[in-house]
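Input: a single structure, listed below in structure tokens.
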Amino acid sequence: MRVLKSFKRDYTLHLMLVPALLLVLVFSYYPMFGFVIAFEKFVAYKGFFHSKWVGFDNFRYIFKMPDFLPAFRNTAIIAILKIVGNLIVPIVIALLLNEVRQTFIKRGVQILVYLPHFLSWVILAGILKDILSPSGGIVNELITALGFKPIFFLGDNHWFRFTLIASDVWKEFGFNTIVYTAALTSINPSLYEAAVVDGASRWKQTLYITLPGIVPIIILLATISLGNVLNAGFDQVFNLYSPVTYSTGDILDTLVYRVGIVSAQYSVSTAIGLFKSIISFVLICASYGLAYRLANYRIF
Amino acid sequence: MIKSSLSRRTFLVCNLVFLTGLSLLCVLPILNVLAVSFSSAGAAAAGEVRFWPVDFNVKAYEVVMKEGKFFGAFGMSVERLLLGTLINMVLCVLTAYPLSKDSKRFPLRTAYAWIFVFTILFNGGLIPWYLAVKQTHLLDTIWALILPGAVNVFNIILMLNFFRGLPKELEESSLIDGAGHLKTLFLIFLPISLPSLATVTLFTMVGHWNSWFDGLMLMKSPDRYPLATYLQSIEIDLSTLRQLNLTDPDTARVVSNRTGRAAQIFMTALPILIVYPFLQKYFVSGLVMGSVKE
Amino acid sequence: MNEGEPELNKRKSAMIGLSVLSSVSLALTACGGENSSDTSPEKPNTTASAPNAASADPAGKYEPPITVHSIRPVDSTVTYDAGEDITNNRWSDYFKNELGIDIVYDWTTAKNDDYTNKLNVIIASGDKPADIYQVNASQLQQLADAGVLADLNEAFDKYASPLTKKLMNGDGGKSMSSATFDGKLLALPQGSATITSNDVLWIRTDWLKNVGLSEPKSIDDLVKIADAFVNQDPDKNGKKDTLGLGITQGPSLTNGGVADLGGWFAGFKAYPDRWVKDAAGQAVFGSIQPEVKQALAKLQEMYKSGLIDKEWAVKDSDKFGEDVLTNKVGMWYGANWNSMYPIDISKNKDLLQVKPFSLVAVDGKQPVVQAVDPSVNNYFVVNKDFKHPEAVVKLMTAFQEKLWGESSEFEKYGTNANQSVSYFKYPLVQSWPATKDIPDNLDAVRAALSANDTSKLNSEQKGIYTSIKAFNDGDIVKGYSTARQYDAFEVIKKDDLNNQLFSLFYGAPTPTMVEKKQALDKLEQEVFTKIIMGAVPVDEFDKFVADWKKLGGDQITQEVNDWVASHK
């Protein structure tokens, strides 16, 4: 009854959602029938509904692949560390930027740190191979100048993941910094004025006003990035990995790619995609539920 | 204004130094790419280009811009960008507004929200997506580049969170004055949501400008490719070389095309970089929150 | 420039009589029409009387004209004269006017990979892609299984000219056989030269001179040279900054690339990634044969002695190219076109001294023969419902006739005078003689150079002649890449033309291959890389062989043998 009453009052609200709902129905929900091929031995000409049904065979095939477990482990480790890095670094930078008084510098830094986002991994891979080279690369020249032995970043399984994560964070932190900066500007300035009157130092202001002010955004971005927990970044890994680093660098997506080289195996890639989606879904449900129960806060 | 302490001043200076260094770190590779795009193919292939062009020439840009295909693709991208961003943004605020309401106020909103979130987690695959576009008769039209991606759930969620951060009294007073939801959204909420609007607009524009895969699959001929698709289509890689059993220098010239790739990156980035400062002022300088008395 | 030669003309008209009846009013001046490929022997007119007399003629025109819907990749190296494009050009005019075939492209892409992806999506979405179109081997297999392709046996018999029949079978029938399923010819293969993809050894002769060594005759010689290149400052710049044997990431175990290992392995009679015959006559996988272990052991030794770049495993051919262009590496195995890429003579004129040499063997015996992969990359298929399947044969015949047949007009349909526009890229259906480069073009050009007589050359060969002559006369920038490429062809011709060795399997991936080959390939790459870098001992190879067999290799071997048996 309450629902009906509010419906009458707020039919506008429902109407406003209609266009997006329609589009999403047609272009997101309708195509989901495609998941059926994860359970079939999909043969193109037989179509989606007449290919042979094989139940969970595709999943069994994937899980039994000798490379699956290492790929899964690598994917999880790399993706999670990337999420952490991509969360912390932009926050720190946004906070630091917030302290800059000169608007010109603020804006300048912002645009400059956004630039790496535009580089493709193909190009970046070439650049990284140059500067990280153990013989003559800039980074190693610094390292040897400080008295250490050169590090083969792209060829050493102890360093490869670190290289992946660090370069990805460097490439994308500008993007997230923008979001945090925008959030920072929405914090009510009168809060700061009151704090200054109360004699709070800048550091205390940051702790008690700034950070809490952007906590919602942080939680939001964190939760959304959980949706990517098994996307370790195909483009990047593909361009940077090599047989030397397969053991720590091979991820689910590069595995699927190699499977697809021999022949377009849609069934297998759909099955892996479904697997990844389910895990992400569970994680997001969990965090949404936790936030709601513990803090009465709805992430979205 | 209280005089800043020594530690405060030290911090500010260190901060500046650090941020400047960081920016340098970010801009140097771009400078390198820019320099490569203006260098000779040989110098680029030899890895000699650092931050300044070697054997300055504009051949890479000429090659890309020849035959008018480039301008056609550019036009297609601009059209897609303008139309697509507009539609995306309208849909974004229209959808974010109801979802930002409290569920006491607007029951069912959580259900709607999950309906949207579900779609970013579960993706039916390339072929069904293609079929959806085909069966709605959008293939080879500009709408194929706009409508399938018109609902960007990530942006909607961002936007709804910003809306939630606005004082509740705003909506209340607006409704008391007799304005409906639409008026409230467009006349009250939007003007003070400029930082988030600017942010989301920027992301949307970048997304449209860089998107190349949909152009490849959904357009019939390279004449109708948007710019990003066109640019990545003029490369040839080594595997093609081996297949072609290369006997003509044409292909060899195109293969190790570092200058071409560099020009491509730059041309893709440039328009965005031009637009960026205009949007930036909205999310850097802050806003005046004088409209509501606490 | 031949003007009429009476006897030749008589023979000509006999052959013309069996093919080009109505269309020959085109100015077929004998001048430029002669070319070096063999003229086909006379054959009786095989066109049976068919209901529609005009189209029963192999080169007969369709009345009324037919429309063929097609799709194709058209990459950025395809260039046109003013006013022409992929739909309207000299070839499309020829097909329209002389054959009554109008080809309409429903869609095109600019890259081969994109074409394959898009085609896969369309096939997978259940649509009919087109009437006539090109596919790769595994798409062909899929479509064959689905039963949607037209059987071209009859059409080929009836409508292929003798020239076409000869050229299409020029590789001993392998490619035609790979397009045959259960006795049905379901596609026309796009042939291309096979031995041309063999490796040669590219070495900087100025460095050889500086270290006082000469062309290697054995693997030991090669190792000596590598050692000298690393330790004796061959580029005389006072720094120890040069590498020994160049290899690129992968590792690329087969020939035909840049700094690959195909040529190296062949020197040990090892043929990784190829299928070879064992003592019992069965097909076995080259990568698990004992000779490979020997070859890897040697590489491991070399790596340990610093004769191989420590970073080779992460360098692709672009990065390797940097080393070439900056005088860091002076010896590597590579395909004939390495003189075009990664070498860029305009960047570094010292590379003039890079020359191609024969491969060397561990026992010092030459020539070293590599196992070539005769797999076809492209097939042309016809949709089963298309009413004119023979159109594909006619298009093929016309293509080959106009380029290498009696009525060939190379400078109109092949390339333009200075080879900057290649017209031969326009037709939808193409297939090249396996012998086009070696020995046909090679012999023709060499003969012309020594006799200083270009009369017998077609325009493609003329372009090559001009480049090489310019190079010989001193213009190294213009002629270098072609000159060295032809030097490489010489080497290959000398070593391989009479000793061709082919991989035994060249069909679409078998079922177990589809499931497991990628994992096996990955394992192979990992193990081989680790062995070379000394991360694991050479005996790890034996474990690899056991794993390979266990993880699907045995099954695959069985399937390959079945395929070979059914494709004899």
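To find a chain, count down the sequence lines: A is the first, B the second, and so on, and within it residues start at 1.
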Within a reach of under 6.0 Å around [atom1] of [X], are more than 12 heavy atoms found that belong to other residues, nucleotides or ligands?
X	atom1	result
B:Trp52	CH2	no
B:Phe154	CZ	yes
C:Lys328	NZ	yes

- C:Asn117 and B:Phe213: side-chain contact (heavy atoms from CB on, under 4.5 Å), yes or no, with the steps? CA-CA 11 Å; C:Asn117 284 334; B:Phe213 188 71; 5.5 Å; no
Identify the residues of [range] whose heavy atoms come closer than 4.5 Å to a heavy atom of chain C, ordered by number, or report 'none'.
range	value
residues 126-138 of chain B	B:Leu126, B:Ile127, B:Tyr130, B:Leu131, B:Lys134
residues 76-91 of chain B	none
residues 21-31 of chain B	none

- Item | Shortest non-hydrogen contact from C:Lys347 toward B:Ala46 | CE-CB, 4.0 Å
- Task: Taking C:Lys118 for its side chain and B:Leu216 for its backbone only, find out whether a donor-acceptor pair lies under 3.5 Å.
- Result: yes
- Message: Is C:Ser346 in contact with chain B via its backbone, its side chain, both, or neither, using a 4.5 Å heavy-atom distance?
- Response: neither
- Task: Check each atom of C:Asp127 against the heavy atoms of chain B and say whether the ones under 4.5 Å are side chain, backbone, both or neither.
- Result: side chain
Give the member of [options] that has the highest number of heavy-atom pairs under 4.5 Å with chain B.
options	value
C:Ile345, C:Ile71, C:Thr108	C:Thr108
C:Thr326, C:Ile122, C:Thr109	C:Thr109
C:Asp344, C:Val121, C:Asp106	C:Val121

- Side chain to side chain, B:Pro222 and C:Val74, heavy atoms closer than 4.5 Å: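 Counting from C-beta outward, B:Pro222 and C:Val74 never come under 4.5 Å.
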Hey, can you pull the donor-acceptor pairs under 3.5 Å for the side chains in residues 36-43 of chain B, sequence neighbours left out?
from, atom 1, to, atom 2, distance (Å)
B:Ser37, OG, B:Leu34, O, 2.6
B:Ser37, OG, B:Tyr61, OH, 2.8
B:Ser39, OG, B:Ala35, O, 2.7
B:Ser39, OG, B:Val54, N, 3.0
B:Ser40, OG, B:Ala43, N, 3.2
B:Ser40, OG, B:Asp55, OD2, 2.9

